[in-house]
2 protein chains.
Amino acid sequence: MGRLQKKIMIELLLVGIGSGNPDHLTGEAVAALHSADVVLIPRKGTDKRALADLRRRLCAGILSNRQTKVVEFDLPRRDIDNPAYLDGVAHWHSAITDAWARLIGQHAPQGGRVALMVWGDPALYDSSLRIADRLRAHGIPLTCRVVPGISSLQMLAAAFAIPLNTVGAPFLVTTGRRLRTDGWPAGVDTVIVMLDGTCAFQSLDPEGITIYWAAYLGMPCEIRRSGLLAEVGVEIVAERETARRTHGWIMDTYLLRRATPAR
Amino acid sequence: MGRLQKKIMIELLLVGIGSGNPDHLTGEAVAALHSADVVLIPRKGTDKRALADLRRRLCAGILSNRQTKVVEFDLPRRDIDNPAYLDGVAHWHSAITDAWARLIGQHAPQGGRVALMVWGDPALYDSSLRIADRLRAHGIPLTCRVVPGISSLQMLAAAFAIPLNTVGAPFLVTTGRRLRTDGWPAGVDTVIVMLDGTCAFQSLDPEGITIYWAAYLGMPCEIRRSGLLAEVGVEIVAERETARRTHGWIMDTYLLRRATPAR
């Protein structure tokens with residue numbers, strides 16, 4: 001970090017790219033990537049190589065100007081065996097911050113615009129904004145611009161042509177971890193679950209719950225399944241495992257709706 | 001509706017257009033509008049004329065092909081004085097269904113692709129998907145394709161460069177009406193409020209709550225304000241009222257975050 005002087009200014013562009021399908025990019029996202037001096041592409045290990053490939057292809061398709069430098073780097077991995085979830089995340093964020101700081105010092109030593117392509121939307125269950133805060137806390141002079149992208153929960157709703165909310169009613173967006181520990185949340189008839197590696201819906205009493213589940217949204221290999229949780233839940237668990245083995249990775253999300261209004 | 005025969009097929013395209021800023025459209029949204037035979041543009045009365053104007057300009061900018069017919073129509077208005085909210089909504093949806101059916105019969109009598117431009121995302125607090133269900137129930141042979149758009153809650157998060165969720169935590173999306181009647185929801189530290197005509201945050205004990213508020217997101221007249229609710233709440237109420245009078249209409253949304261974790 002020593003190479004960055006106080007006068008040097010970095011504009012960090014966090015660009016939401018939706019599913020990785022180029023059609024899901026907004027005009028603003030394309031323009032933001034075009035305007036960048038450097039685009040950083042994280043590699044997340046061999047099993048997720050397909051994801052880095054996708055970003056690389058997106059970049060190649062978009063960046064008709066050849067001034068923008070595209071830099072790949074190995075993203076530190078989170079220790080998923082750390083039993084203290086928040087500690088594990090904090091440690092991981094710290095490692096990513098060091099990696100970004102190194103890359104910025106190396107590829108934008110005079111300052112400039114550094115872009116990161118973020119799956120879905122940078123505001124939704126993504127760590128980039130928190131890493132940006134840490135960089136600032138480290139004394140790196142940084143402004144941050146966020147370009148929203150189509151998130152997986154929107155793609156999910158579009159794929160099934162369903163609204164996220166029932167009329168005038170709230171909905172909760174949560175994680176698999178929290179659904180498993182907290183059960184069905186109070187006061188809502190709709191729950192959308194992200195970051196679920198273990199089909200946490202299995203921990204619920206399925207009575208009266210409909211599930212809309214999809215994986216690889218927006219990609220050619222997209223799969224989806226919906227129905228009464230009591231009827232399709234087991235099939236989804238099996239289908240998810242088969243798909244994960246076939247592709248080496250999986251990104252899925254689902255919406256649960258309870259027939260009985262929450263009030 | 002008699003003019004539509006069983007063999008005639010309508011493909012309804014519900015196209016999310018984000019804020020109305022052309023840069024917020026995805027490539028998929030532009031292509032969908034291009035592919036339409038007819039684009040229906042609702043007029044919502046003189047005070048919201050600016051919104052119809054925006055859609056008209058978007059259409060004019062996008063539709064380089066001149067085959068697509070652009071049709072404006074007067075949207076039936078909801079009786080906001082109906083004390084039974086859900087009844088009022090149902091009655092209003094029924095009136096819109098009749099209007100759409102008439103327009104489809106008139107402008108796509110042989111079937112075809114009919115597009116509607118939806119503010120934000122068609123899955124979020126929008127009635128179009130419910131109207132489509134009603135058309136189907138009326139016997140109009142209809143398939144429905146949803147194109148997601150950047151929603152106001154994403155634009156809000158991007159405007160402030162904040163994440164919607166805290167690390168690994170859930171968040172609730174709700175309406176002003178429900179926030180006022182239910183109070184701060186159980187189990188969450190983040191609440192996003194849509195469709196709030198009366199600054200329902202005033203009904204909360206502001207202690208420990210930070211608000212991120214914005215109106216006219218993505219438009220040149222965008223305004224935003226954030227801070228401790230106890231300090232900026234009153235100013236937001238005043239600023240909102242001034243802006244509403246100046247423009248004749250207002251669309252705003254806000255995120256509330258409670259410092260104390262919900263667990």
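Lettering follows sequence order; numbering is per chain, from 1. What you are looking at is a predicted structure, and each value in this text was computed from that prediction instead of being measured.
Of the two parts of A31(A), neither the backbone nor the side chain holds a non-hydrogen atom closer than 4.5 Å to a non-hydrogen atom of chain B. Using a 4.5 Å cut-off between heavy atoms, L195(B) does not touch chain A at all. Looking at I150(B), both its backbone and its side chain come within 4.5 Å of chain A, counting heavy atoms on both sides. For V89(B), the part lying under 4.5 angstrom from a heavy atom of chain A is the side chain only. When heavy atoms are compared at a cutoff of 4.5 Å, R130(B) approaches chain A solely by way of its side chain, counted from C-beta outward. Only the side chain of L86(A) comes within less than 4.5 Å of a heavy atom in chain B; its backbone stays farther off. For D121(B), the part sitting under 4.5 Å from any heavy atom of chain A is the side chain, from C-beta outward, and nothing else.
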Check your understanding: Stepwise, does the side-chain hydrogen bond (donor to acceptor under 3.5 Å, both in side chains) test hold for D252(A) with W213(A)?
Key -> CA-CA 7 Å; D252(A) 61 332; W213(A) 174 86; 2.9 Å; yes

**Study point:** Steps toward side chain to side chain contact (heavy atoms under 4.5 Å, CB included) verdict (W100(B), V114(B))
**Key:** CA-CA 10 Å; W100(B) 284 20; V114(B) 178; over 6 Å; no

Check your understanding: Between Y254(A) and Y212(A), does a side chain to side chain contact (heavy atoms under 4.5 Å, CB included) hold up when you go through it step by step?
Key -> CA-CA 5 Å; Y254(A) 54 92; Y212(A) 299 86; 6.0 Å; no

Exercise for review: Dump the intermediate steps for side chain to side chain contact (heavy atoms under 4.5 Å, CB included) on M194(A) and L153(A), then the final yes or no.
Suggested key: CA-CA 8 Å; M194(A) 320 260 297; L153(A) 61 92; 3.9 Å; yes

Review point. Can you list the steps and then say if L13(A) with V147(A) is a side chain to side chain contact (heavy atoms under 4.5 Å, CB included)?
Key: CA-CA 7 Å; L13(A) 304 176; V147(A) 178; 5.8 Å; no

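At least one donor-acceptor pair closer than 3.5 Å links the side chain of T253(A) to the backbone N or O of V193(A). Without hydrogens or angle criteria, R113(A) side chain to E11(A) main chain gives no donor-acceptor distance under 3.5 Å.
Contact count versus chain A (heavy atoms, under 4.5 Å) is highest, among T190(B), V173(B), T174(B), L179(B), for V173(B). With respect to chain B, the highest number of heavy-atom pairs below 4.5 Å among A123(A), P22(A), G27(A) belongs to A123(A). For the options L129(A), V30(A), T175(A), heavy-atom pairs under 4.5 Å to chain B are most numerous at L129(A). With chain A as the partner, the residue from R177(B), H93(B), H24(B) showing the most heavy-atom pairs under 4.5 Å is H24(B). For the set L124(A), L14(A), N21(A), the count of heavy-atom pairs under 4.5 angstrom toward chain B peaks at L124(A). The candidate from I192(A), T166(A), L172(A) with the greatest count of non-hydrogen atom pairs under 4.5 Å with chain B is L172(A). Heavy-atom pairs under 4.5 Å with chain A were tallied for G16(B), P185(B), S127(B), G149(B); the largest tally goes to G149(B). The most heavy-atom pairs under 4.5 Å with chain A, out of T26(B), N165(B), D23(B), come from N165(B).
Here the shortest heavy-atom pairing between R134(A) and A90(A) reads NH2-O, 3.4 Å. Closest of all the heavy-atom pairs between V188(B) and R258(B) is O-NH2, 3.7 Å. Across all non-hydrogen atoms, the minimal contact from A32(A) to S35(A) is O-OG, 2.8 Å.
Sequence neighbours left out, not one pair with a member in residues 161-191 of chain A passes ring pair (Phe, Tyr, Trp, His ring centres under 6.0 Å).
Residues R55(B) and I17(B) are in side-chain contact: their nearest non-hydrogen atoms beyond the backbone lie under 4.5 Å apart.
Inspection of non-hydrogen atoms places A157(B), A158(B), A161(B), I162(B), P163(B), L164(B) of residues 156-164 of chain B under 4.5 Å from chain A.
There is a side-chain donor-acceptor pair under 3.5 Å between D126(A) and S128(A).
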